[in-house]
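Inspection log for the structure reproduced underneath, given as structure tokens.
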Amino acid sequence: MDIANPYLMFLGDVPDALAAKTALGVVDWRREWCLGQNRLPGCQADAGLPDMSIEAAAKAGARTMIVGAVNAGGRLPDHWVTSIVAALDAGLDVASGLHVRLGSIPAIREAAERNGRKLFDVRHSSEVFATGKGSKRSGKRILTVGTDCSVGKKYTALAMERDMRARGYACDFKATGQTGVFISGRGVAIDAVIADFISGAVEWISPAMDEQQWDVIEGQGSLFHPSFAGVTLGLLHGAQPDAFIVCHEPTRRTMRGVETPLPSIQAVIDLTIQCGKLTNPAIRCIGLSVNTAALGDAEARTYLADLEKKYALPATDPVRYGMMPVIDRLASEFGAP
């Protein structure tokens, strides 16, 4: 997909920052591509961009409006259609990471056609995937896994790519969600792949490569989440990771969107190894990545130190402190670049 920037990020009227994680992720990692944000009354998220009307953004040079919000099921609320039509009438293309295809909505399809504008459905791939084979592939792979969804698996993978490159490793971030695809310009939204082909799609994302090359594969969901565990398991088998990093948010007690209690970090490590051995018997955990945004600096450092002592693994916050402690463990387990 060739999605033109600068972007206008559409946040709609989402209830919290997590519901705008597509917009926030693109802004955090591709700020230079983002011109402004458009929010409806009642929106409880802020991407830190100038608030702009659609007309003002078009005049300022925006080329694509990104639907930067997410929700359970990937639906497009009916009252957002007016804003999308207005963007198309203002001369912008529109891109979305939701499950619903923009062109399936008559008003949006007709607006795109009459204005000669493009619609991008990032969650939907035109690639035809094989079923997963589970055969050993050359190269090395890291997968981020979580105690829950929306705990920092994408940020951890992107921070690992950045910091591994700084240390001299040959590595690439591999996107498996719509926000990661917006950020990297490539990848597959795994949760939109037919279940039989999930592991095969991940094998396609990260094929055989040079033995010194690392792929850092973005995780999705959680093996313990009753809504998304199927996607997580297929991704784990297809990724065939040599190493994994457990991502965690310390203030949660139940998993997002459901009443299921949050699993322990140890439970995630144990189940990931148990399931991951199917395609890589040597799978191992190399670190913990914690979203400490709700904690003060001193509290965060104490919490991370306690985790390191408890699990004998490096623990860090990828945004606050970077991933170098985990990369030190990676080097000790698999060798320096």
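As a basis for the values below, the full set of heavy atoms in this structure was taken, side chains included, without hydrogen atoms, waters or symmetry mates.
Within the model, atoms CZ of F244 and CD1 of I283 stand 5.5 Å from one another, a figure rounded to the nearest 0.5 Å. Here CD1 of I198 is found 10.5 Å from CD of Q220. Values are rounded to the nearest 0.5 Å. With rounding to the nearest 0.5 Å, the separation of OG1 in T316 from CD in E308 is 8.0 Å. With values rounded to the nearest 0.5 angstrom, I217 atom CD1 is found 4.0 Å from S206 atom OG. To the nearest 0.5 angstrom, L236 atom CG is 11.0 Å from Q274 atom CD. To the nearest 0.5 Å, atom CG of residue L313 and atom OG of residue S289 are 12.5 Å apart.
By the side-chain hydrogen bond (donor to acceptor under 3.5 Å, both in side chains) test, N38 is found to be paired with no residue, residues two or more places apart in sequence or in another chain being considered. With sequence neighbours excluded, no residue satisfies salt bridge (charged side-chain N to carboxylate O under 4.0 Å, His left out) with D210. Take F334 and apply the ring pair (Phe, Tyr, Trp, His ring centres under 6.0 Å) test, not counting sequence neighbours, and it matches W214. Listed by chain and residue number, W204 satisfy the ring pair (Phe, Tyr, Trp, His ring centres under 6.0 Å) test with F129 (two or more places apart in sequence, or in another chain). In this structure H225 satisfies the ring pair (Phe, Tyr, Trp, His ring centres under 6.0 Å) test together with F228, sequence neighbours excluded. Take F10 and apply the ring pair (Phe, Tyr, Trp, His ring centres under 6.0 Å) test, not counting sequence neighbours, and it matches W80. In terms of the salt bridge (charged side-chain N to carboxylate O under 4.0 Å, His left out) criterion, D306 has no residue partners (sequence neighbours excluded). The side-chain hydrogen bond (donor to acceptor under 3.5 Å, both in side chains) test applied to R39 returns D51, not counting sequence neighbours. For D163, the salt bridge (charged side-chain N to carboxylate O under 4.0 Å, His left out) test picks out no residue, with sequence neighbours left out.
Side chain of T131 to backbone of F197: no donor-acceptor contact under 3.5 angstrom is found.
Atom NZ of K136 is surrounded by more than 12 heavy atoms from other residues, nucleotides or ligands within 6.0 Å. Within a 6.0 Å radius of CZ in R252, other residues, nucleotides and ligands contribute more than 12 heavy atoms. With a 6.0 Å radius and a threshold of 12 heavy atoms from other residues, nucleotides or ligands, E211 has its CD atom above the threshold.
A single hydrophobic cluster is seen to contain both L143 and I190, as judged by linkage of ILVMFWY side chains at heavy-atom distances under 4.5 Å, directly or through other members. In terms of hydrophobic clustering, with Ile, Leu, Val, Met, Phe, Trp and Tyr side chains grouped at heavy-atom distances under 4.5 Å, L88 and V67 are assigned to a common cluster. When the side chains of ILVMFWY residues are joined at heavy-atom separations under 4.5 Å, either directly or via intervening members, V14 and M9 end up in two distinct hydrophobic clusters. Both V26 and Y155 belong to a single network of hydrophobic side chains, linked directly or stepwise wherever heavy atoms of I, L, V, M, F, W or Y lie under 4.5 Å apart. Under the 4.5 Å side-chain contact rule for hydrophobic residues, L40 and M65 share a cluster.
For the residue pair D270 / Q266, a side-chain donor-acceptor distance below 3.5 Å is found, with atom types taken as modelled. Side chain to side chain, D46 and Q37 meet the donor-acceptor criterion of an N or O pair below 3.5 Å. Residues Q213 and D172 have side chains that bring a donor and an acceptor to within less than 3.5 angstrom of each other. A donor and an acceptor atom, one from each side chain of D297 and Y321, are located under 3.5 Å apart.
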Expected list for residues 93-103: side-chain donor-acceptor pairs under 3.5 angstrom, two or more places apart:
unit_1	atom_1	unit_2	atom_2	d
D93	OD1	R117	NE	3.2
D93	OD1	R117	NH2	3.2
D93	OD1	K118	N	2.9
S96	OG	L98	N	3.0
R101	NH2	H124	ND1	3.3

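Residues G25 and T179 come closest through the heavy atom pair CA-CG2, 4.0 Å. Here the closest heavy-atom approach between residue V216 and residue M160 is recorded as CG1-CB, 4.0 Å. Closest non-hydrogen pair, N280 versus P241, comes out as ND2-O, 3.0 Å. Contact between A47 and L24 at its shortest, heavy atoms only, is CA-CD2, 3.4 Å. For Y311 against I269, the heavy-atom pair with the smallest separation is CD2-CD1, 4.5 Å. Between A62 and L92, the shortest heavy-atom contact is O-CD2, 2.9 Å.
No side-chain heavy atom of V188 sits under 4.5 Å from any side-chain heavy atom of V181. Here the side chains of V122 and I3 are in contact, with some heavy-atom distance below 4.5 Å. Residues R30 and N5 have side chains not in contact (no heavy-atom distance under 4.5 Å, counting atoms from C-beta outward). In this structure, the side chains of V145 and L223 stay at 4.5 Å or more apart for every pair of heavy atoms. Put simply, the side chain of C171 reaches to within 4.5 Å of the side chain of R165, judged on heavy atoms. Taking 4.5 Å as the limit, some side-chain heavy atom of D89 sits within range of a side-chain heavy atom of R114. Residues L330 and I142 have side chains in contact (heavy-atom distance under 4.5 Å, counting atoms from C-beta outward). Proximity of D191 to R123: side-chain heavy atoms (C-beta onward) are separated by under 4.5 Å at one or more points.
Considering I205, V193, V231, T144 as possible partners of T176, the one that fulfils the side-chain contact (heavy atoms from CB on, under 4.5 Å) test is I205. Only one option out of T147, D148, N291 pairs with H248 in a side chain to side chain donor-acceptor pair (under 3.5 Å); it is T147.
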Please test C149 against M255 for side-chain contact (heavy atoms from CB on, under 4.5 Å), starting from the C-alpha separation and ending with a verdict. CA-CA 8 Å; C149 56; M255 307 189 82; over 6 Å; no

Please step through side-chain contact (heavy atoms from CB on, under 4.5 Å) for the pair W29 and R162, ending with a clear verdict. CA-CA 11 Å; W29 294 95; R162 178 196 64 206; 3.7 Å; yes

side-chain contact (heavy atoms from CB on, under 4.5 Å), that's the test. Do I105 and I84 meet it? Break it down for me. CA-CA 11 Å; I105 299 171; I84 293 172; over 6 Å; no

As a quick check of understanding, evaluate side-chain contact (heavy atoms from CB on, under 4.5 Å) for L76 and I108, giving each step before the final call. CA-CA 11 Å; L76 181 69; I108 294 175; 3.8 Å; yes

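Within the structure, the salt bridge (Lys or Arg N to Asp or Glu O under 4.0 Å) test picks out no pair touching residues 150-160 (sequence neighbours left out). Counting only residues at least two apart or on different chains, the salt bridge (Lys or Arg N to Asp or Glu O under 4.0 Å) pairs with a member in residues 319-331 are R167-D328, R329-E333.
No salt bridge links K59 with E55; every basic N to acidic carboxylate O contact stays at or beyond 4.0 Å. A salt bridge does not link D215 with R137: none of the charged nitrogens is closer than 4.0 Å to a carboxylate oxygen.
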